[in-house]
Every structure is written in C-alpha cells, then in structure tokens.
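Throughout, numbering of the chain's residues begins at 1 and tracks the sequence.
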Amino acid sequence: MKVDGKHFRSIWRERDGWSVGAIDQRRLPHEFVIARLTSCEDAAVAIRDMLVRGAPLIGATAAYGMALAMREDSSDAGLKRAYDALVVARPTAINLKWALHEMRTALAPIDPVERAEAAYARADEIVEQDVEINRGIAGNGLELIEAIAAKKPGEVVNVLTHCNAGWLATVDWGTATAPIYLAHERGIKVHVWVDETRPRNQGASLTAWELGHHGVPHTVIPDNTGGHLMQHGMVDLAIVGTDRVAANGDVCNKIGTYLKALAAHDNGVPFYVALPSPTIDFAVHDGIRDIPIEQRSGVEVTDMTGRTADGRLETVRIVPEGSPVANYAFDVTPARLVTGLITERGVLKPDRAALAAAFPERIATAAK
Ligand SMILES: CSC[C@@H](O)[C@@H](O)C(=O)COP(=O)(O)O
C-alpha cells in the first residue's frame, strides 16, 4: 500500500539479498523509520518488542528470522535453536508457529550447506503467499461491501474495525482492510470507524495512519463508541482481523473485539472476521478455554506517548502511582457472535464443518 504516494510493504529482503527491512511500527504515526534485521536475535526482538506486529507479519518475520539464523549456523542444532528462540517471541498469534513449522519442514530434510538458500526461498514464498491470500480476502469481502452499497445507492458504506488488521499487520493489503482498500479502488464510497484500541492504540496510531496515506475516509473513535454508533444505524458492518481462529470458529483478536461483537449482535450489525488460512488452529477445539492470551507490560496501560504542541515526543503517566493495572492483550469472541469468516477461499460459516471443508490440508498439520 502507499506511503506518500510510494508503494511499501511492511517487510522485505534488502538489496544486499540477505538482510531484512521492516517498518518500525513502534515509531508510527509520528516517525517513519525503517529497521534493518541482520540476525535471528534481531527478528525475535522485533517480534517481542512489537517493532513488527499483527499475526501474519509476525509469521513472515519469523520466517526471515529462520533464514537469518541459517546464515549463522545451519546445523541441526542451529535449526532447533532458531526455532526455539523465535517460537516464544509472542504467544497468541498462531501464524508464528505456523511459519516456523513451515520453515522447519522445508529445512530439516536437506543438507545443512543448502539450508540458508532454501530458507530464504521458503521465507520469500511465505511472504508472497500472504499477499496473494490477502488479495483473495479482498475479493471475497468486497462482495459483502458491494451488497450493502447496492442497498443504499449513492450513500456511504460505514465499516467499523478494531485494532490494526491492515497492511501493516500483514505483508501488504491487510486482512480486515483488504476488502476496504479494494472497495475504495473500485469507487465504492467507504468510510471506516477506527477504534483507537487501547492500550497500545494500534487503531489510532496505525490503522488511521495507513488509511490516511491511502486516501480512505476514516474517523478515529474512542473504543467505547461503537455500541452507540450501532444503535443509531451508523455502522453497516464490522470487519476485524484475528490472531487465531479455533477449529470451532471461536475468534481470538485484540482485547475489546468481543465487546464489539456483542454490540453488533444486539443491534443486528453483521460482524465479520477476515483471516488468512494460516491463522486457523485446528489443534484448538475451544477458543475461549484453550487459546493462550498474552499479558503485556502494565506500562502500556499506565503510560501514553504522543507529540507535544511544540513537536517533541513525550511519554506521560495517566494512572495514579501505585494503582495496579491489568493488560490482557487479546480476547476471544465466541463463534455464535460471528456472522462469517472472510477467507481466501470464500466467506465461511464460523464452525468446524465449514473450516474443515474449506481447508482440509491444514487439519493434517494441526497437532504439530
Ligand atoms: C491481520 S492482523 C490480525 C490481528 O493480528 C490484529 O487484529 C491484532 O490483534 C494485532 O495485535 P498486536 O498485539 O498489535 O500484534
């Protein structure tokens, strides 16, 4: 997608052919800084410290992390060490484990001297596949937006989204935003309600930034606003991303997604989840019970960073000293509250049968 008129992806192989470039998302929206990752450790830290974030991008970064590791030590021990270092970087997005499993499956059977080259090739494939998948999601989700647009000719289609499931969270296009970008390109009038997404503000900082740079009309709203908008007919549909979808269709996503789904259900607003197939975890049968929920530093709750009127970046504390805080990073929306799952293979019912029928090849790798 575009930044100041120039096309960017969130991650890429640098021109030297081996190091990895990525947009440092911790600095947005205030500064556009590109980081260079040169080791497996760099990749693990980038994921852990959220220089990169969003489920598909976490997976892509881990894949390049394995490739960087193979340059350093391509022995069986080196392969295991890299896998072990990367897999613990963040716990909830299953794409991390999926990408590492893909890399290990490609690399383990081959001669260590061939592993570095093969690792870059497989990582490149994972990255390209993400873009292709998101194009598929774009086309399938577009049909939903078109159907709403057809019912209100000349009027704006209002989409509510939570967190950042945009191109910054993937390699390009995004998942939740992919149908929005395509609808915008096709000349459909779309407007996005962007939940700010406390405590890290991925909506206010990242989704608003990328929609703005691409020219998509949007409005940032405090997290608690969605229910009110839905009650007043100001949301036509909600589309969110996800970090892991259980085999039964339960959806794990950024904290607060569940409350939006409840409000949507109460107001008859369609609530869609956009996901690439690597986000499905067929090994988890009950999302609420079994998806691990990351708990992050309380500093994300107590402190906020922003630009002062005279242009400086400053971090301020907004919670009284001594007040305990909790920071659950994700929640799980039960399948019964989800209208449909927008995947690269169509819009599916959020249940075991539909997921298994659409992605039978993923079931075989579920237990690994
Ligand atoms: C296409 S990204 C889907 C999810 O990863 C996204 O909605 C989300 O919750 C990201 O959380 P984050 O903690 O910023 O990695």
Side chains of [X] and [Y] only: does a donor on one sit below 3.5 Å from an acceptor on the other?
| X | Y | result |
| --- | --- | --- |
| Arg352 | His285 | yes |
| Glu344 | Ser277 | yes |
| Asp42 | Thr38 | yes |
| Glu300 | Asn327 | yes |
| Asp243 | Thr92 | no |
| His191 | Asn158 | yes |

Taking only residues two or more places apart in sequence or in another chain, which ones pass salt bridge (Lys or Arg N to Asp or Glu O under 4.0 Å) with Glu185?
none

Who passes salt bridge (Lys or Arg N to Asp or Glu O under 4.0 Å) against Asp124, sequence neighbours left out?
Arg13

[X] with [Y]: basic N within carboxylate O range, under 4.0 Å:
| X | Y | value |
| --- | --- | --- |
| Asp111 | Arg115 | no |
| Asp4 | Lys6 | no |
| Glu102 | Lys97 | no |
| Arg135 | Asp130 | no |

So do the side chains of [X] and [Y] get within less than 4.5 Å of each other, counting heavy atoms only?
| X | Y | value |
| --- | --- | --- |
| Thr177 | Asn134 | no |
| Glu14 | Trp18 | no |
| His184 | Lys189 | no |
| Asp250 | Val245 | no |
| Val251 | Leu275 | no |
| Leu57 | Thr61 | yes |
| Cys163 | Arg53 | yes |
| Thr161 | Thr207 | yes |

Minimum-distance pair of heavy atoms, taken over all atoms of Ile239 and Ala274
CG2-CB, 4.1 Å

Nearest non-hydrogen partners of Val157 and Ile188, listed with the distance
CG2-CG2, 4.4 Å

Kindly indicate whether a cation-pi arrangement holds for Arg362 with Phe282, taking the cut-offs as under 6.0 Å to the six-membered ring centre and within 45° of the axis.
no

May I have the step-by-step check of side-chain hydrogen bond (donor to acceptor under 3.5 Å, both in side chains) for Asp303 and Thr315, ending in yes or no?
CA-CA 6 Å; Asp303 292 14; Thr315 300; over 6 Å; no

Contact list for [range], test ring-ring contact (aromatic ring centres under 6.0 Å, His included), sequence neighbours left out:
| range | result |
| --- | --- |
| residues 317-361 | none |
| residues 202-227 | Phe32-Trp209, Tyr181-His214, Trp209-His213 |
| residues 149-178 | none |

Does Lys2 have more than 12 heavy atoms from other residues, nucleotides or ligands lying within 6.0 Å of its NZ?
no

Can you tell which of Thr242, Ile291, Asp281 makes a side-chain contact (heavy atoms from CB on, under 4.5 Å) with Ile94?
Asp281

Reported CZ-to-OG1 distance for the pair Arg336 and Thr333, which is rounded to 0.5 angstrom:
9.5 Å

Got a second to check how far Ile126's CD1 is from Leu100's CG, nearest 0.5 Å?
8.5 Å

If hydrophobic clusters are built from ILVMFWY residues whose side chains come within less than 4.5 Å, do Ile34 and Val3 share one?
yes

Report yes or no: do Trp193 and Leu206 belong to one cluster of Ile/Leu/Val/Met/Phe/Trp/Tyr joined by side chain heavy-atom distances under 4.5 Å?
no

Check: residues 252-263 side-chain donor-acceptor pairs under 3.5 Å, at least two apart:
{"residue": "Asn253", "atom": "ND2", "partner": "Gly241", "partner atom": "O", "Å": "3.3"}
{"residue": "Asn253", "atom": "ND2", "partner": "Thr257", "partner atom": "OG1", "Å": "3.0"}
{"residue": "Lys254", "atom": "NZ", "partner": "Ala329", "partner atom": "O", "Å": "3.2"}
{"residue": "Thr257", "atom": "OG1", "partner": "Lys254", "partner atom": "O", "Å": "2.6"}
{"residue": "Lys260", "atom": "NZ", "partner": "Asp195", "partner atom": "OD2", "Å": "3.2"}
{"residue": "Lys260", "atom": "NZ", "partner": "Asp223", "partner atom": "O", "Å": "2.6"}

